[in-house]
Amino acid sequence: MQSSPFSHLNDQQRQAVTAGLGQTLVLAGPGSGKTRVLTERIAYLVRDLAVRPYHILAVTFTNKAAREMQSRVEQTLGDPCRDLWLGTFHSVCARMLRREAAVLPFDSNFVIMDADDQDTLVKRVLKELNVNDKLYRASGVHAAISNAKNNLMQPKDYPRRNYRDEVIARVYERYQQMLLQSNALDFDDLLLWTVRLLQENPDVVERYGRRFEHVLVDEFQDTNTAQYLLLKLVSSYHQNLFVVGDEDQSIYRWRGADYRNVLRFEQDFPEAKKILLEQNYRSTQTVLDAARAVIDRNPHRTPKHLFTDRGSGERLVLFEAADDHSEATYVVDLIGQNMAGDRKAGSRFAVMYRTNAQSRLLEEAFLRSGLPYRLVGAQRFYGRREVKDLICFLRLVANPADEVSLNRTINLPPRGIGDKTIQSLQAAAQRAQTTPGAALLELAAKGERSAAFTALGGRGAAMLLDFARLLAGWMEAARQEPLPALFDRIVTETRYEAYLRDGTEEGEDRWNNVQELRKLAYEYQDRGLGPFLENLALVSDQDTLPEDVTAPTLLTLHAAKGLEFDNVFIIGLDEGLLPHSRSLDDPEEMAEERRLFYVGMTRARNRLYLVRSRQRSSYGSTEFSEPSRFLQDIPSALLEERGAQRRARSTRPSEVQASWARWETPVPAPRSPQIIPPPPPAPKVVQQQYRPGMRVRHPIWGEGLVVESRVLDGEENVDVAFESVGFKRLLASLARLETV
DNA sequence: GCGTTACATATTTTT
DNA sequence: TATGTAACGC
């Protein structure tokens, strides 16, 4: 059937897959088949160019993407491809660092600290250095440190422009010291140390450079400075760097991601080939046009003209609810009606929102309606206290130098070791030039008669000795017994079960989570403790989510990236929420909010519902809100308005409107000018000249298509999609438009 | 050392 | 509103 091996690809995709040597930049719009391009490219290299998988490195951001790519490559090639080095940035780095630990200031069995641990550690340093933690909030300092690391700044490089910088630099320095003392790296370190490793060791960079004949990267727009440099280093020998991304889907700026790496790539490699994937296989043209109208307003991007052969499809629905309760009810009712009793149809729906807090009213509405739902993200399995507790016990066993884990577990469940005792242990360790963990183990080895024991003195010492013996026993068990046995031993010997199961329902839930974790440990019994811990640190929750493929999905816009659904609801389209109030004063952040909305819109295959509410309660108090500025950018020809205003005018409410009307609560009379609903359209004093669908010519921008035209304040406003510059809003009286 | 109460705080969270 | 943290008193 397949005459050519690439007959299933479009021209642009084929060009990308078979691109020659050197650097290649593939700008892939949403739904344009970028995963397919990446996997086909790998298969092409192996099958047609006889590149050994051993010489290929492919990097992604998520484990999910890595797994998917791995299995698709295997499918295409019909070979397990074990030598292919494919993984997330962080796992690839961890692997390299463990291999090359000989030239690094830590052991190959280092532990990886997650965001929680980093926070804990920052707090400890703030306390230790007597920093005013009201003025220097841990989260802010942590962010500053993380930012510095992402930009490859070490403590000594930290710019000290003011007193605050001075403080942060001091905290950073001590923080870094403590990590190394604990034989630990945080997420950012994985990247930072790898870059340093390659920069400072010519033989190492040459070894890896020679090995990786081809380097491929997914979601390139989300790379930070460290990752960008890493890619350059690792591809420095063969110079075959193939990156796929989309500036318009960069939504992790706040984590150091910089979509401008796309521009930097073009500057650094002027010879690079650039390929645009613009054919969309997911959405209707209406959805694409609406999304484009929104994203085209962002500066500094490559304009893209997404098209589809799926047809124009239905208009978007814009619904304005009276308050946030009816917003949620509207969504759930509509989903219920559309599912029409077919339980399995639920998976075709997704509800997306800016903040996790918004899921709550939705959940309540789902519960009331009796429909099942699937919530992505919100409370993270590994973040749960009891799960984290046990992970820390295990981490301590693997690496007794880990002070964060030691501090967390030493008095867990409460066994009479308080702050004071911990402090004296720390002091004793410092005197002996060792870590508290090592001091404990020594205590366990020598017992009551040791000098260390007497030095600690009194009741604290006895308690410490108890714990030290437990720890020593577990370490022995870790050497002798399989992982699940170690796990059980820890749970039993700490009486953790009794501590959790306090008779409450919550206690049972927590205990169940412990059982879940044990199951996972069981799966790792062949690989052992080290790999288990690394996996816990580097694997996200989405990977372990129980997949109920039949229920509607509730998720944040961030979590939605990379997914698609037949019907998408985006709720909370209000100023202050989307765009979020925190991004109002920074144009870069505002541009990111726009991208976030764009990502959400382009998840929809068929129908897109945009929902807002005139009033919503936050932190207990109720406030009025105005429609999101992004809504104005969508040509009204693409929208079907439903909801409060529309209902007032309509003589015969639709069934949907009738159903949500039950829940609607009366809107209090507006009291201040800014909450008065938009005025009714001004009376038409001008005859409309342009209609959607007409082709027009502009003296500068050339030909374009009228998407929408309406009369406002006696002026005809025309929205035109130009082939050259994209979307523009013009005044008919001023712009010298000609009809073609 | 531990449990209670008052109080501040509040995006997004691939790894 | 709800949640986590800090100070307080036993």
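A note on names: the letters A, B, ... follow the listed sequences, proteins ahead of strands, and every chain is numbered from 1. These numbers were taken from a predicted model, which means no experiment stands behind them.
Between A:Tyr619 and B:dT11, a side-chain N or O to OP1/OP2 separation shorter than 4.0 Å is present. Between A:Thr60 and B:dT14 there is no side-chain N or O to OP1 or OP2 distance below 4.0 Å. Distances shorter than 4.0 Å separate some side-chain N or O of A:Asn411 from OP1 or OP2 on B:dC2. Within the 4.0 Å cut-off from OP1 or OP2 of B:dT12, at least one side-chain nitrogen or oxygen of A:Asn356 is found.
Centre separation under 5.5 Å together with a plane angle under 30° holds for the ring of A:Trp254 and the six-membered base ring of B:dT12, marking them as stacked. Where stacking is scored as ring centres under 5.5 Å apart with planes under 30°, A:His558 does not register as stacked on the base of B:dT12.
A 4.5 Å side-chain heavy-atom check between A:Asn298 and A:Glu247 finds every atom pair outside the cut-off.
Looking at heavy-atom distances under 4.0 Å, A:Asp114 makes no contact with the nucleic acid at all. As judged by a 4.0 angstrom heavy-atom cut-off over every strand, A:Ser583 is placed among residues making no nucleic acid contact. Within 4.0 Å of A:Asp188, counting heavy atoms only, lies no atom of the nucleic acid at all.
Aromatic ring orientation, A:Phe212 versus A:Trp85: tilted (interplanar angle from 30° to 60°). Between A:Trp254 and A:Tyr252, the two ring planes are tilted [angle within 30° to 60°].
Interatomic distance, CG of A:Leu554 versus CD of A:Glu363, reported as 6.5 Å (0.5 Å rounding).
Relative to the side chain of A:Arg354, the nucleotides B:dT11, B:dC2, B:dT14 differ in distance, and B:dT11 lies closest. Comparing atom distances between the A:Thr62 side chain and each of B:dC2, B:dT11, B:dT14 picks out B:dT14 as nearest. Ranking B:dT14, B:dA10, B:dT12 by closeness to the A:Thr556 side chain, first place goes to B:dT12. Here the nucleotide nearest the side chain of A:Arg137, chosen from B:dT14, C:dT5, B:dA10, is B:dA10.
For A:Lys420 and B:dC2, the NZ to C1' distance is 15 Å, given to the nearest whole Å. Distance A:Glu219 CD to B:dT14 P: 13 Å, rounded to the nearest Å. Computed from coordinates, the A:Asp419 CG to C:dT5 C1' distance equals 14 Å when rounded to whole Å. Atom pair A:Asp222:CG and B:dT12:P shows a separation of 18 Å (rounding to whole Å applied). Rounded to an integer number of Å, the gap from OH of A:Tyr136 to C1' of B:dT9 is 20 Å. Summarising the geometry, the separation between CG on A:Asp116 and P on C:dT3 is reported as 17 Å, rounded to the nearest angstrom. Rounded to whole Å, atom P of C:dT1 lies 13 Å from atom CG of A:Leu361. Residue A:Leu126 contributes atom CG, which lies 15 Å from atom C1' of C:dA6 at whole-angstrom precision.
Remark: the A:Arg582 side chain and the B:dT11 base include no donor-acceptor N/O pair separated by less than 3.5 Å.
Mapping A:Glu593 and A:Thr421 onto DNA chain B by nearest heavy atom places A:Thr421 at the nucleotide closer to the 5' end.
A donor-acceptor contact shorter than 3.5 Å links the side chain of A:His558 to the backbone of A:Ile251.
Counting only N and O atoms by type, the side chains of A:Asp117 and A:Thr120 include no donor and acceptor under 3.5 Å apart.
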